[in-house]
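What follows is a short report on a single structure.
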Amino acid sequence: MSLEMNHVYYTYQEGSPAESHALQDICLNINEGEFLGIVGHTGSGKSTLIQHLNGLLKPSKGEVLIDDIDINRKDAKAQRKERRMRVGLVFQYPEYQLFEETVELDIGFGPRSMGLSEAEVTSRVQEAMALMQLDYNALRKQSPFDLSGGQKRKVAIAGVLAMKPKYLVLDEPTAGLDPMGREEFLELLGQLHQQGMTIIMVSHSMDDMARYAQRMIVMDHGKIQLEGTPREIFAQPVKLRELGLDVPTLTKLLLELKQRGLDVRTDLFEPQAVKAEIMRALKAGKEQVTC
Ligand SMILES: Nc1ncnc2c1ncn2[C@@H]1O[C@H](COP(=O)(O)OP(=O)(O)OP(=O)(O)O)[C@@H](O)[C@H]1O
Ligand SMILES: [Mg+2]
């Protein structure tokens with residue numbers, strides 16, 4: 001079971017002077033249970049790519065499969081619809097899409113439009129709010145517009161989770177949150193992943209990627225330029241810089257120390273590993289001096 005893109009091309013405004021080849025020959029397989037990070041400089045095609053994963057955009061060429069079914073095929077409409085609903089897509093600044101009078105109605109909108117019973121809708125709203133650590137009794141009757149920015153975002157994401165997607169796709173979900181809100185939100189995503197949800201996250205933060213992604217893709221001009229584990233990706237700082245990107249903060253520190261003459265590895269980014277490596281290098285350096 002997986003999300004699959006096979007030789008996908010996408011062109012905006014084909015044939016017009018403003019034509020833009022936003023995706024070019026994308027081949028990607030996302031396995032169930034994975035945490036995939038998508039990075040790339042602005043305009044590299046990240047948002048365009050993820051909008052193909054639930055059929056919001058249709059490839060100009062190539063195919064997108066959700067659990068082995070081509071979601072843009074002409075026949076089997078009901079099956080295609082069911083497959084698309086397995087993918088929950090959270091746009092950047094999803095709180096702008098809140099529109100109902102109360103939090104409860106907003107989160108219940110998706111499940112209700114799926115034709116579920118009121119009892120099932122309520123239970124889904126409660127479950128989704130619990131996942132997002134929102135207090136059901138305290139917030140259900142409140143207007144979503146009276147909440148804080150961070151709470152609004154959680155409500156918007158709860159609305160997607162209430163559809164019980166198997167794959168959760170998020171476009172820069174921490175953009176605009178303060179450091180605390182950001183940390184709390186990423187922890188929540190980590191928990192959802194540990195509970196078995198497949199997560200696909202677009203982010204400009206290499207630190208977030210280093211902490212959460214199991215695998216990453218790096219995009220540039222509509223193509224996947226690099227693919228691998230965070231360790232494999234962050235071991236290529238020169239290539240990343242060519243692509244307009246950086247390495248995580250602690251990797252940068254190691255590179256800086258190396259430049260200043262300390263013989264350290266530079267392919268690490270976890271705080272404990274970096275600390276241990278610096279201690280090791282300092283100790284080895286001292287031993288050399290005493291010899
Ligand atoms: N509606 C549109 N019409 C025409 N061109 C578009 C449209 N949306 C995006 N593009 C172009 O497609 C390319 C990819 O855009 P996309 O939004 O996917 O990039 P991105 O990697 O998500 O960028 P960002 O990091 O800024 O969000 C860009 O060159 C962009 O100008
Ligand atoms: Mg984008």
Side-chain angles (χ1 to χ4, degrees), residues 3-30 35-64 66 71-72 84 87-97 149 152-153 156-157 160 165 167-177 181-182 185-186 189 199-213 215-228 230 233-234 236 239-249:
L3 292 180
E4 215 177 309
M5 296 178 82
N6 290 327
H7 302 285
V8 168
Y9 291 75
Y10 187 77
T11 306
Y12 286 104
Q13 305 186 34
E14 202 155 4
S16 89
E19 185 173 273
S20 162
H21 298 284
L23 295 183
Q24 300 186 64
D25 203 15
I26 299 291
C27 291
L28 179 64
N29 208 324
I30 304 165
F35 196 128
L36 177 80
I38 304 180
V39 298
H41 61 78
T42 185
S44 57
K46 307 178 295 294
S47 298
T48 308
L49 186 153
I50 61 167
Q51 288 175 62
H52 279 78
L53 295 175
N54 73 341
L56 199 65
L57 292 179
K58 196 170 174 294
S60 307
K61 212 166 90 183
E63 55 177 21
V64 180
I66 302 177
I71 56 164
N72 300 299
R84 285 172 187 209
V87 179
L89 182 59
V90 179
F91 290 96
Q92 198 178 357
Y93 298 105
E95 55 274 24
Y96 293 150
Q97 284 159 34
K152 275 187 198 152
R153 187 163 303 182
I157 295 172
V160 173
Y167 304 95
L168 183 64
V169 186
L170 305 109
D171 200 348
E172 295 186 47
T174 57
L177 293 181
R182 182 186 182 89
F185 181 77
L186 286 166
L189 271 192
I199 310 253
I200 296 123
M201 179 170 86
V202 171
S203 175
H204 280 286
S205 164
M206 297 300 164
D207 287 330
D208 293 352
M209 286 297 166
R211 266 180 73 185
Y212 291 97
R215 185 161 69 104
M216 292 172 65
I217 60 169
V218 182
M219 297 201 57
D220 179 54
H221 289 97
K223 294 186 182 148
I224 296 177
Q225 291 291 353
L226 297 174
E227 189 261 318
I233 300 288
F234 296 136
Q236 305 175 65
K239 178 81 184 158
L240 283 171
R241 253 171 230 140
E242 276 169 27
L243 299 172
L245 300 170
D246 215 336
V247 290
T249 316

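Not measured: the values here are computed from a predicted model. Whatever order the structure lists ligands and atoms in, that order sets their numbers, starting from 1.
Residue Gln92 does not touch ligand 1, judged by heavy-atom distances below 4.0 Å. By the criterion of a heavy-atom distance under 4.0 Å, both the backbone and the side chain of Ser44 are placed next to ligand 1.
The shortest side-chain heavy-atom distance between Asn54 and Val169 does not fall under the 4.5 Å cut-off. By the 4.5 Å heavy-atom criterion applied to side chains, Thr48 and Tyr12 are counted as neighbours. In this structure, Leu189 and Leu170 have side chains that are in contact, with non-hydrogen atoms separated by less than 4.5 Å. Side-chain atoms of Arg241 and Asp246, non-hydrogen and from C-beta on, do get closer than 4.5 Å to each other.
Distance check for atom 21 (O) of ligand 1: a protein heavy atom is found below 4.0 Å.
Here Thr42 does not reach the Mg ion (ligand 2): none of its N/O/S atoms is less than 2.8 Å from the metal.
In terms of modelled atom types and a separation under 3.5 Å, the side chain of Thr11 and the main chain of Glu14 share no donor-acceptor contact. Looking only at distances, a side-chain donor or acceptor of Asp207 sits under 3.5 Å from a matching main-chain atom of Thr249. The backbone N or O of Gly40 lies less than 3.5 Å from a partner atom in the side chain of Lys46, making a donor-acceptor pair.
At under 3.5 Å, not a single nitrogen or oxygen of Gly40, backbone or side chain, sits near a nitrogen or oxygen of ligand 1. Between Gly43 and ligand 1, at least one pair of N/O atoms sits closer than 3.5 Å.
The atoms of ligand 1 that sit less than 4.0 Å from any heavy atom of His204 are 25 (O). Atoms of ligand 1 lying under 4.0 Å from any heavy atom of Gln13, numbered from 1 in the order shown and given with element: 3 (N), 4 (C).
Among protein heavy atoms, atom 25 (O) of ligand 1 sits closest to Lys46 NZ, 2.7 Å. With hydrogens left out, the protein atom closest to atom 17 (O) of ligand 1 is Ser47 CB, 3.9 Å, a heavy atom. Protein heavy atom nearest atom 15 (O) of ligand 1, with residue, atom name and distance: Thr48 OG1, 3.8 Å. Scanning the protein for heavy atoms near atom 24 (P) of ligand 1, the closest one is Thr42 OG1, 3.5 Å. Protein heavy atom nearest atom 2 (C) of ligand 1, with residue, atom name and distance: Tyr12 CD2, 3.4 Å. What sits closest to atom 31 (O) of ligand 1 on the protein, heavy atoms only, is Ser20 OG, 4.7 Å.
Across all non-hydrogen atoms, the minimal contact from Leu23 to Leu49 is CD1-CA, 3.8 Å.
Taking 4.0 Å as the cut-off, Met219 does not count as a neighbour of ligand 1 on heavy-atom distance.
To the nearest 0.5 Å, atoms CE (Met209) and CZ (Phe35) are separated by 7.0 Å.
Crowding of His204 atom NE2: a count of heavy atoms from other residues, nucleotides or ligands under 6.0 Å exceeding 12.
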